[in-house]
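Down below is the structure, laid out as structure tokens.
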Protein chains: 2
Amino acid sequence: MTLAEAKAKFIADWGRFGTNWGINRTMAQIHALLLISPDPLSADEVMEELSISRGNANMNVRELIDWGLVQKVIRPGERKEYFSAEKDIWKVARQIVKERKKRELDLMIPVLKELSEVEGDKRDKAVKTFTDTINNIRKFSDQADKTLDTMIRADEHWFLGSLMKLFAGKRD
Amino acid sequence: MTLAEAKAKFIADWGRFGTNWGINRTMAQIHALLLISPDPLSADEVMEELSISRGNANMNVRELIDWGLVQKVIRPGERKEYFSAEKDIWKVARQIVKERKKRELDLMIPVLKELSEVEGDKRDKAVKTFTDTINNIRKFSDQADKTLDTMIRADEHWFLGSLMKLFAGKRD
DNA sequence: CTGAACTTTCAAAACTTATTGAAAGTTTTA
DNA sequence: TAAAACTTTCAATAAGTTTTGAAAGTTCAG
């Protein structure tokens, strides 16, 4: 496979993969393109490489910046803005976990608390099943909250090293 | 909040939450409904509670069964099929991880291997950046693959207990 | 200032995905 | 075996999401 073919395949696959995770195809493709670019790219270069419109490029680059995955690069003496992606995948993964936690889990936890305070007689089977389920989800969420916070703070070597050592003795 | 209000809110929120994760709203709502039902529900009850069509109910219940989150329950002496959801959230989470891994990571790993075999001169900056990025992703994916396999096999108590103990000394 | 170079916005159009409901299929009962 | 009870399918349609591109906005050199 030539570099050009490999690039095209990586961009297409990363884009398809992204859609499974609620990220839009173009956003994932721009991310892929920037991941494999040795140098920062301008909006025009992104448009050209992916055959997308200016508005689309702008919107999705902005969203990648919001997610903390891409940065603007200003080159001295140039008007144009350039964009470059964080290349260390461990940092990328941590950043994604951090943002999703903020946008999802952190919003869900107070909702679960509210739901757990439903009124009604615990001897009523419907009430009991409801509160048991919500409390089960709450316990899980609180645990996930703590675990993810720790992961977000961890550095790669420590995290993978410890986890692997931990798991090593537990295989069946 | 009354039970009826709480149920409605939980179903709506779980549904909204699901769409963030590439699960369709109806599927997540049916899952929510079954999670909080003390007894298995029939297709008609699901249709009625969520105001959805028969086809929609059937399709999404089937998908929940495919994901291993819901089971058919046959009651002696009754024609109708009933459906009930696994209520233990740790099992639900493990099942989801297992299925997503199968549908996503397991498909991605061979693609990354193929991409890492791109031809070209390593002294070419474009080639080097490409292969470095792909190899970085491969290393991460291989690690994730192993970690997830172990998690899938782990039982709740062991996993959370060990992980928490591990993390306990590492807070800042 | 002014105008060129560039970025951002947003309404309309294209595309994608989910839902309906009636018809077809299957199983059970009598 | 026939009809009732139930489940599944799928083409049409509705709903939701993404993309376009032209217009508006911003910045900066001269």
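Fair warning: this is a prediction, and the values are worked out from it, not measured in the lab. To find a chain, count down the sequence lines: A is the first, B the second, and so on, and within it residues start at 1.
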Original post:
Does B:Arg100 make a cation-pi contact with A:Trp21 (under 6.0 Å, within 45 degrees of the axis)?
Top reply: yes
Subject >> B:Asn58 side-chain proximity, nearest of C:dT7, C:dA18, D:dT8 >> reply: D:dT8
Subject >> Nearest to side-chain heavy atoms of A:Ile52, which nucleotide of C:dT28, C:dT19, D:dT20 >> reply: D:dT20
**OP:** Return the value, rounded to whole Å, for the distance between atom CG of B:Asn60 and atom P of C:dT17.
**Re:** 15 Å
Original post:
Can you check the A:Lys80 NZ to D:dT26 C1' distance for me, whole Å?
Top reply: 17 Å
Original post:
Is there a donor and acceptor pair closer than 3.5 Å between the side chain of B:Arg54 and the base of D:dT7?
Top reply: no
Original post:
Base, sugar-phosphate, or nothing: which does B:Asn24 touch, judged by heavy atoms less than 4.0 Å apart?
Top reply: sugar-phosphate
Subject >> Cation-pi, A:Trp14 ring and A:Arg25 (6.0 angstrom, 45 degrees) >> reply: no
Subject >> Neighbour count >12 (heavy atoms, 6.0 Å) for atom CE, A:Met59 >> reply: no
Subject >> Whole angstrom value for the distance that separates C1' of D:dT17 from CD of A:Glu63 >> reply: 13 Å
Original post:
Counting side-chain heavy atoms from CB outward, which of D:dT19, C:dT27, C:dT19 is closest to B:Arg79?
Top reply: C:dT27
Subject >> Euclidean distance, atom CD1 of residue B:Ile74 to atom P of D:dC6 [Å, nearest integer] >> reply: 12 Å
Original post:
Should we count CD of A:Gln71 as having more than 12 external heavy atoms under 6.0 Å?
Top reply: no
Subject >> Minimum-distance nucleotide to B:Ala43 side chain [options: D:dT7, C:dG21, D:dT19] >> reply: D:dT7
Original post:
Over how many whole Å does the gap from A:Met47 atom CE to C:dT8 atom P extend?
Top reply: 13 Å
Subject >> Sugar-phosphate only, base, or nothing, as touched by B:Arg62 at under 4.0 Å among non-hydrogen atoms >> reply: sugar-phosphate
Subject >> Whole angstrom value for the distance that separates C1' of C:dA12 from CG of A:Asn56 >> reply: 15 Å
Subject >> Residue closer to the 5' end of DNA chain C, A:Arg25 versus B:Met27 (nearest nucleotide) >> reply: A:Arg25
